[in-house]
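Convention: sequence-line order gives letters A, B, ...; per-chain numbering from 1.
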Amino acid sequence: MSELVSNKKVGAYHHMVFSVGEIASVAKPGNFVAIAVGGESSQLVLRRAFAIYRTFDRGSSAGLLEIVVAPHGAGSIWLTNQVPGTKIDLIAPLGNAFGIPTEPVRALLVGGGYGSAPLFGLSEVLKNRGCRVDMVLGASTAMKIYAPLDGKRSVSSLTITTEDGSTGTAGKVTDVLPEIIAASQVDIIYSCGPMGMLEAINKIAVDFNIVHQCSIEESMACGIGVCMTCVLPIKGEDGVIRMLRSCIDGPVVDAETVIWDSKRSIPEGTWGAN
Amino acid sequence: MSELVSNKKVGAYHHMVFSVGEIASVAKPGNFVAIAVGGESSQLVLRRAFAIYRTFDRGSSAGLLEIVVAPHGAGSIWLTNQVPGTKIDLIAPLGNAFGIPTEPVRALLVGGGYGSAPLFGLSEVLKNRGCRVDMVLGASTAMKIYAPLDGKRSVSSLTITTEDGSTGTAGKVTDVLPEIIAASQVDIIYSCGPMGMLEAINKIAVDFNIVHQCSIEESMACGIGVCMTCVLPIKGEDGVIRMLRSCIDGPVVDAETVIWDSKRSIPEGTWGAN
Amino acid sequence: MFNYRTNLGQAEFENPIFTASGCAGSGKELSQFFNLTELGAVVTKSIMLKPRSGRATPRMAETPSGMLNSIGLQGPGIDQFLETDIPWLREQGATIVVSIAGESTEDYAVLARKLRAVPGLAALEVNISCPNVENRGQVFACHPATARAAIEAVRRNIGGELPIIAKLTPDVTSIVEIAQEVVAAGADAIALINTVLGMVIDTTTMRPKLAGKTGGLSGPAIRPIAVRAIYQVHEALPQVRILGMGGVSSGLDAFELILAGASAVSVGTATFGNPTAVIKIKEELKNELIEHGFDSLREAVGYAHRSEGNLI
Amino acid sequence: MFNYRTNLGQAEFENPIFTASGCAGSGKELSQFFNLTELGAVVTKSIMLKPRSGRATPRMAETPSGMLNSIGLQGPGIDQFLETDIPWLREQGATIVVSIAGESTEDYAVLARKLRAVPGLAALEVNISCPNVENRGQVFACHPATARAAIEAVRRNIGGELPIIAKLTPDVTSIVEIAQEVVAAGADAIALINTVLGMVIDTTTMRPKLAGKTGGLSGPAIRPIAVRAIYQVHEALPQVRILGMGGVSSGLDAFELILAGASAVSVGTATFGNPTAVIKIKEELKNELIEHGFDSLREAVGYAHRSEGNLI
Ligand SMILES: Cc1cc2nc3c(=O)[nH]c(=O)nc-3n(C[C@H](O)[C@H](O)[C@H](O)COP(=O)(O)OP(=O)(O)OC[C@H]3O[C@@H](n4cnc5c(N)ncnc54)[C@H](O)[C@@H]3O)c2cc1C
Ligand SMILES: Cc1cc2nc3c(=O)[nH]c(=O)nc-3n(C[C@H](O)[C@H](O)[C@H](O)COP(=O)(O)OP(=O)(O)OC[C@H]3O[C@@H](n4cnc5c(N)ncnc54)[C@H](O)[C@@H]3O)c2cc1C
Ligand SMILES: Cc1cc2nc3c(=O)[nH]c(=O)nc-3n(C[C@H](O)[C@H](O)[C@H](O)COP(=O)(O)O)c2cc1C
Ligand SMILES: Cc1cc2nc3c(=O)[nH]c(=O)nc-3n(C[C@H](O)[C@H](O)[C@H](O)COP(=O)(O)O)c2cc1C
Ligand code: FES
Ligand code: FES
C-alpha cells in the first residue's frame with residue numbers, strides 16, 4: 001500500500017502524488033501504474049491504469065510517484081476523491097518505456113488531454129541526452145490542457161491547440177504538426193493520447209517518414225500480461241501481424257507497426273485468424 | 001442524506017450521531033433506521049438496520065438521531081470507519097415501537113450486547129410515565145456492555161452480567177432474572193438482543209406469567225415490508241400461525257406469540273404451509 | 001414532446017418502468033413513498049391458488065452486488081388477493097399487472113379462469129419459473145413442453161382479452177427455444193429474466209445459509225445475464241415485446257436493457273436499497289433517451305441490434 | 001500437522017489452490033511475483049490445435065463485481081505450446097495441468113494424442129465450454145451428446161494414464177445431467193464453473209461493448225452460481241472430485257467452494273485485481289480450515305452436505 005501524499009485539482013484533472021519507496025527509482029517514462037479503486041467492498045474488481053507523470057527518487061523509502069487523473073467514471077472519480085493520508089493499493093512500474101535514442105536527436109512530443117503526463121518525464125530524459133525537444137499539446141478546451149510550469153521548462157518550444165480555441169491555436173494537434181516538423185527538422189515523434197489522435201499523428205509521421213513511438217490506451221483487465229484483453233494487432237519484423245498485449249509489449253509501440261483502424265475486427269492475415 | 005455528526009468508540013461499539021432534521025421528532029423507542037453502506041461503487045446492495053438508541057428533537061432542522069454499532073462485517077465496519085461530516089444515506093424511522101403501558105407499572109428491561117441501545121430511550125419514556133424501571137444488561141465480556149452514564153440515570157437499578165465475569169455478575173442475564181423479577185415484582189419485560197437470549201428470557205417470562213415484549217433481529221433486505229425476507233412465525237389472536245414481517249409488524253413483538261425454535265423450518269399448522 | 005409510452009402485446013402503458021414481481025409487496029408499502037400512478041405498472045407478487053406460508057428463514061443472503069432469496073411465494077392465495085389487494089390497487093388508480101404462479105398446469109388454468117372476469121387489469125404476467133410438483137419439482141420454464149403447457153392453459157382460460165407476459169428463467173440451455181415455445185403457445189410478450197439459481201454457504205455454520213438451501217440471485221450482479229437474454233430473444237423474435245429486468249438500479253441500466261430489446265423494464269432488488277428507486281429510474285431513463293436524441297422510447301427499443309453502418 | 005494435500009482422480013496435489021485456465025498467461029508473467037511451485041497446480045490457458053488470433057477488441061467489459069471477457073482462446077497452438085510453454089513450466093518445477101479446447105470432436109482426439117506422450121503433466125483439463133463448429137457453433141458442454149463425444153475422444157486417445165478433468169459451463173438446464181454424462185464418458189473429475197454468458201451494452205455507442213457481442217461473466221458476481229453448481233454435482237456424484245472455481249478472491253470464498261464439494265479451487269479473475277491473489281488465498285484457506293478444527297483439507301470437502309444433526 002502506498003500513501004497518497006497530495007491530491008490537487010489542476011484544470012479538469014487531479015495531480016496526485018504517492019509515496020512509493022523504491023519504485024520511484026526504477027520507473028521509466030512510458031511506464032504505468034495500476035491502482036485498485038473503490039475501497040474495501042468495491043464492486044469494481046479491476047485495477048485502473050495511469051501513466052506515470054513523474055517520479056522523485058529520494059532514496060529507498062522516500063520515493064514519490066505522480067500521476068494525472070481525469071475524473072471520468074466510477075473508478076477515477078473514487079480515486080480523485082481520496083484525501084491525502086489514505087493508503088492506496090498500487091502496482092508499479094508496469095509496461096515498457098519510451099525508447100531513448102542513443103544520440104542527440106530532434107524530438108517532437110505530442111500529447112492529447114492527460115496524455116501529456118508521461119511526456120514531461122520523457123522530455124527531461126531526452127534533454128539530458130542533449131536532444132532538442134519540441135512539444136505540442138492538444139485538447140478540446142483549455143481546462144483539459146495539462147502543462148505545468150516546471151514541465152514546460154524542459155522543452156524548447158511548446159505549442160498548444162484547443163478545439164474550441166479557448167487557449168493556444170484553435171484546432172487539433174495535427175493541424176500544427178506539419179509546420180513544426182518542417183521547421184524543427186524533427187527526427188522522432190513521441191505521442192500519447194486518444195487512439196484517434198495517435199492514428200492521425202501516425203499518418204503525418206508516415207508522410208514525413210519520421211519514426212513515431214506512441215503510448216496506447218487499451219482496456220486492461222490485469223495490466224501484467226495474464227488476461228489477453230488488452231491486445232492490438234501489430235506487424236512484426238517478419239511481416240506477420242500478431243495480437244500483442246499492450247500491457248507488457250506496450251503501452252509504448254512503434255506506431256508504424258500498428259494496424260490502425262482494425263477496431264472491432266481482426267485484420268486479415270493476422271497470425272491465427274480464421 | 002444525513003450528516004454524520006459524531007462517531008466515538010465506546011468499548012467494543014461505536015456511538016454514532018446523525019443530523020436527521022424532522023425525523024428525530026417522530027421516532028419512538030423500538031424503531032430502527034436503515035443505512036446504505038459501502039459508498040458509491042459498493043458491492044453491498046442492501047441497507048443495514050440499526051436500532052435507534054436515542055433521538056434529540058431540537059426543532060425541525062436540528063434533530064439528532066443516535067445509534068450504537070458493533071463493527072462486525074463489511075457493512076458495519078464501513079459505517080464505523082466514516083468520519084464526521086460524511087453524508088450518510090439513512091431511512092428512518094422504520095418498524096413499530098415498544099408498547100407503552102397506560103398506567104405506571106414495574107418494568108424490567110433486558111438487553112444483550114448492543115441490544116441495550118433502544119432500551120435507554122424506552123426507559124426514559126417509561127420513567128416519565130411513572131414506571132419503575134429495572135435494567136439487566138448482559139454480554140460475553142465487559143467491552144460489549146453498552147451502558148452510558150446518562151442512560152443509567154433513567155433506571156432504578158442496573159444489573160450487569162458477563163459470561164467471562166470481567167464486570168458485574170459472571171453468567172448470563174437469565175441467571176439473574178428470576179431473582180430480580182421476584183424482588184421488583186415486575187409487571188412487564190422488554191428485551192432486545194440475540195434470538196437465543198430472547199427465547200431464554202421468554203421461558204422465564206412464561207414461568208412468571210409476565211408480559212414480555214422483545215425486539216427481534218431478522219435478516220432484512222428492504223426494511224419497508226416489500227421483500228418478505230424478514231418473516232417469523234407468529235401466532236395471532238385467532239390461534240393461527242402466520243409468517244409476519246419483522247420489519248413492519250416488528251421489530252417489537254409479543255414474545256409469547258412467537259413460535260420460538262422454528263429456525264430453518266415452518267412450524268406445523270402455519271397458515272399456507274404445505 | 002417526448003413520447004414515453006410503450007406496450008406489451010395489446011397492453012399500453014404510460015411509461016416503461018414497472019415494479020418487479022415480488023419486490024413491491026402489495027403496493028401499499030411503496031405508496032407511502034410515492035404515488036403508484038407514477039409507475040408504468042405495478043406488477044404484483046406472484047399469486048398462487050391457495051395461501052402459502054413460503055419457505056422457512058433465513059430466506060436471504062447478500063452476495064457481491066446481489067442477493068439470494070428463497071421466499072417460496074408466500075402469499076394469501078388468489079381469492080383473498082382478489083378481495084383485498086386488487087380493489088385497493090384499483091382505488092389508487094394504479095396500472096395493474098397481475099403475476100400468477102402455479103404448481104401444476106391445472107393451477108395455471110384455474111388461476112386464469114379466476115382472473116378472466118376481473119376488471120381493471122392491464123396484463124397478466126405468468127411466472128413459470130417455479131417448481132412443477134407433477135414433474136419432480138422441475139421448473140416449468142426449464143423445459144419446452146411444460147413451459148408450453150402452462151402458457152396454453154392460461155391462454156385457453158383467460159379469453160382472448162388480457163395480454164399474457166410469460167416470465168422465463170435464465171437457467172436454461174437455450175432461452176430462445178423456450179421463448180419461441182411460449183410465444184407459439186399464445187404468450188403476447190416475454191418477461192426476462194427471473195432470478196438465477198444460486199447458493200451461499202455460511203462459513204460459520206458450514207451449511208447453506210438459506211433454509212431452502214438454494215435461492216434466486218438478483219441485483220446488479222446478474223445484469224449482464226439479463227442483457228444477454230433480452231438481446232438473444234429480441235434477435236430471434238423481434239416482433240415480440242419484452243419486459244426486461246435484472247439488476248436495474250439506474251436509468252442507464254434501464255437504457256441498457258431497452259437498447260438490448262426490452263420495451264419496458266421492471267425494477268426489483270434496487271427497491272430494497274432505495275424505496276424510491278423506480279421513480280428515480282423513470283426520470284433518469286427519460287433523460288438518457290432525450291439526451292441520446294430519441295423522440296420516443298419505442299425508437300430506442302432494440303437499437304443495439306442495428307447494423308454496423310447505421311448511426312443515429 | 002495439517003494435511004493440505006488433495007487429489008483429482010489419480011492426480012495428487014500438494015495444496016488445493018490452482019490458477020484458472022486463461023487467467024495466468026503462460027505462467028511466466030506470474031513467476032515474477034511468486035514461485036510457481038507454491039501453487040497446487042498451474043492450469044494453462046486452453047490450448048487448441050492451431051494458432052489462434054482470438055477475437056477482436058474490445059474483449060473486456062467490467063460489470064458489477066465481475067467482468068466479461070471474449071478472448072476467443074488466443075494462443076500459439078499445441079505444437080509451439082509443447083515446444084516452449086511446457087518445457088519452461090517443467091524447468092520451474094511447477095505442477096502442470098494442461099487445458100485443451102477443440103472446435104470439433106476430432107480436435108479433442110488429436111490434442112489428446114499429442115499430449116499422451118508428454119512427460120511431467122499432472123492432469124488434463126478438457127474445456128468443453130467452447131463452440132463446436134460442426135454443430136452450429138453450439139457449445140460442446142451444452143448438450144449431453146456432444147459433451148460425451150468430446151470427453152470420449154480424449155479418453156480413447158490419452159491412454160489410461162492422465163486424469164481427465166472435464167470443464168463444464170453453467171449455462172445449461174441441468175449441470176448434473178452433463179456431469180453424469182462426462183463421467184460416464186471417462187472423465188475422472190469435473191471442473192466447475194466456466195464463465196456465464198453475458199453481455200454489456202455501451203450506452204454511449206449504443207452497441208454491445210465487446211466486439212464479439214457476448215462474453216463470459218466471471219468474478220465474485222458469479223460465485224453463488226458456482227457454489228450452487230458444485231453443491232448440486234457433489235450431491236449427485238459424491239465420489240467424483242470437483243475442481244471448483246468462480247469468483248474466489250479470498251480464503252473464505254475458497255472455503256465456501258470446498259464446503260460445497262470442491263476438492264481443489266482455481267482462481268481466475270481475482271489475479272487480475274491482485275497478481276498474488278492465489279498465494280494469499282492459499283494461506284487464508286489453510287488458516288480457515290485450521291481455525292474450523294479440520295486436520296486435513298479432505299475432511300472439509302463437501303462438509304456442507306452433512307445431515308442436519310451432525311456437528312463437527
Ligand atoms: C496504459 C493506460 C494509461 C492510462 N493513463 C491514464 C492517465 O494518465 N490518466 C487518466 O486519467 N486515465 C488514464 N487511463 C485510463 C484509466 O485507466 C481509466 O480507464 C479511466 O480513468 C476510466 O476509468 P473509470 O473507472 O473512471 O471509468 P469506467 O468507465 O467506469 O471504466 C470502466 C472500465 O473500462 C475501462 N476503461 C474505460 N475507459 C478506458 C480507456 N480510455 N482506456 C482503457 N480502459 C478504459 C476501465 O479500465 C474499466 O475497466 C489509462 C489507461 C491505460 C490503459
Ligand atoms: C431490526 C434490527 C436492528 C439492528 N440493530 C443493530 C444495532 O443497534 N447495532 C448493530 O451493530 N447492529 C444492529 N443490527 C444488525 C445490523 O443490521 C447488521 O446486520 C450488522 O451490522 C452486520 O452487518 P455487516 O454488513 O457488518 O455484516 P455482514 O455479515 O457482512 O452482513 C451481511 C448480511 O447479513 C445480514 N445480517 C448479518 N448479521 C445479521 C444479524 N445479526 N441480524 C440481521 N441481519 C444480519 C445483513 O443485513 C447483511 O445483509 C440490527 C439488525 C436488525 C434487523
Ligand atoms: C425477494 C424477491 C422476491 C421475488 N418474488 C418473485 C415472484 O413472486 N414472482 C416472480 O415472477 N419473480 C419474483 N422475483 C424475481 C424478480 O421479479 C426479478 O425477476 C428478479 O429479482 C430480477 O430483477 P432485479 O435484479 O431487479 O431484482 C423476486 C425477486 C426477489 C429478490
Ligand atoms: C480473461 C479470461 C480468460 C479465460 N480463458 C479461459 C480458457 O482459456 N479456458 C477455460 O477453460 N476457461 C477460461 N476462462 C474461465 C476461467 O478459467 C474460470 O473458469 C472463470 O473465469 C471463473 O473463475 P473466476 O471467477 O475466478 O475468474 C477465462 C476467464 C477469463 C476471465
Ligand atoms: S491487461 Fe491483461 S494481458 Fe494486458
Ligand atoms: S425486510 Fe423486506 S419485508 Fe421485511
task = For residues D:Lys28 and D:Leu89, determine if any side-chain heavy atom of one lies less than 4.5 Å from a side-chain heavy atom of the other.
result =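 Of all side-chain heavy-atom pairs linking D:Leu89 with D:Lys28, none is under 4.5 Å.
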
query = So do the side chains of D:Ile86 and D:Ile96 get within less than 4.5 Å of each other, counting heavy atoms only?
reply =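 In contact.
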
query = Among A:Ala74, A:Cys227, A:Ser219, who wins on heavy-atom pairs under 4.5 Å with chain D?
reply =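 Answer, by heavy-atom pair count under 4.5 Å with chain D: A:Cys227.
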
Residue among A:Ile241, A:Leu44, A:Leu46 with most heavy-atom pairs under 4.5 Å to chain D =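 Heavy-atom pair counts peak at A:Leu46.
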
key: Residue part contacting chain D, namely of A:Ala221, when any heavy atom lies under 4.5 Å   =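 For A:Ala221, heavy atoms of backbone and side chain both lie under 4.5 Å from chain D.
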
ask   = Which answer fits A:Arg245, side chain, backbone, both or neither, if we ask what part of it has an atom under 4.5 Å from a heavy atom of chain D?
value =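 For A:Arg245, side-chain heavy atoms alone lie under 4.5 Å from chain D.
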
ask   = Within the distance-only criterion (no hydrogens, no angle test), does the side chain of D:Arg52 pair as donor or acceptor with the backbone N or O of D:Gly72 below 3.5 angstrom?
value =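 Indeed, once roles are kept as given, a pair shorter than 3.5 Å links the two residues.
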
inquiry  = Counting heavy-atom pairs closer than 4.5 Å to chain A, which one of D:Gly54, D:Gly212, D:Cys23 comes out on top?
reply    =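 Of the options given, most contacts go to D:Cys23.
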
key: Residue, of D:Asn274, D:Thr271, D:Leu210, that accumulates the most heavy atom pairs under 4.5 Å with chain A   =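 Counting heavy-atom pairs under 4.5 Å, the top option is D:Leu210.
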
Ring center gap for D:Tyr108 and D:Phe140 short of 6.0 angstrom =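 Yes - the distance between ring centres of D:Tyr108 and D:Phe140 falls below the 6.0 Å cut-off.
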
Those residues that, when tested against D:Glu106, pass side-chain contact (heavy atoms from CB on, under 4.5 Å) (two or more places apart) =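 Listed in chain order: D:Ser104, D:Ala109, D:Val110, D:Arg113.
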
message = Which atoms of D:Thr19 are under 4.5 Å from chain A, going by heavy atoms: the side chain, the backbone, both sets, or neither?
response =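 For D:Thr19, no heavy atom lies under 4.5 Å from chain A.
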
ask   = Side chain, backbone, both or neither: which part of D:Pro76 has an atom under 4.5 Å from a heavy atom of chain A?
value =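 It is both, since atoms from each part get that close.
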
inquiry  = Assess whether a salt bridge exists between A:Glu163 and A:Lys172, defined as any Lys/Arg side-chain N lying under 4.0 Å from an Asp/Glu carboxylate O.
reply    =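 Looking at A:Glu163 and A:Lys172, the cut-off is not met.
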
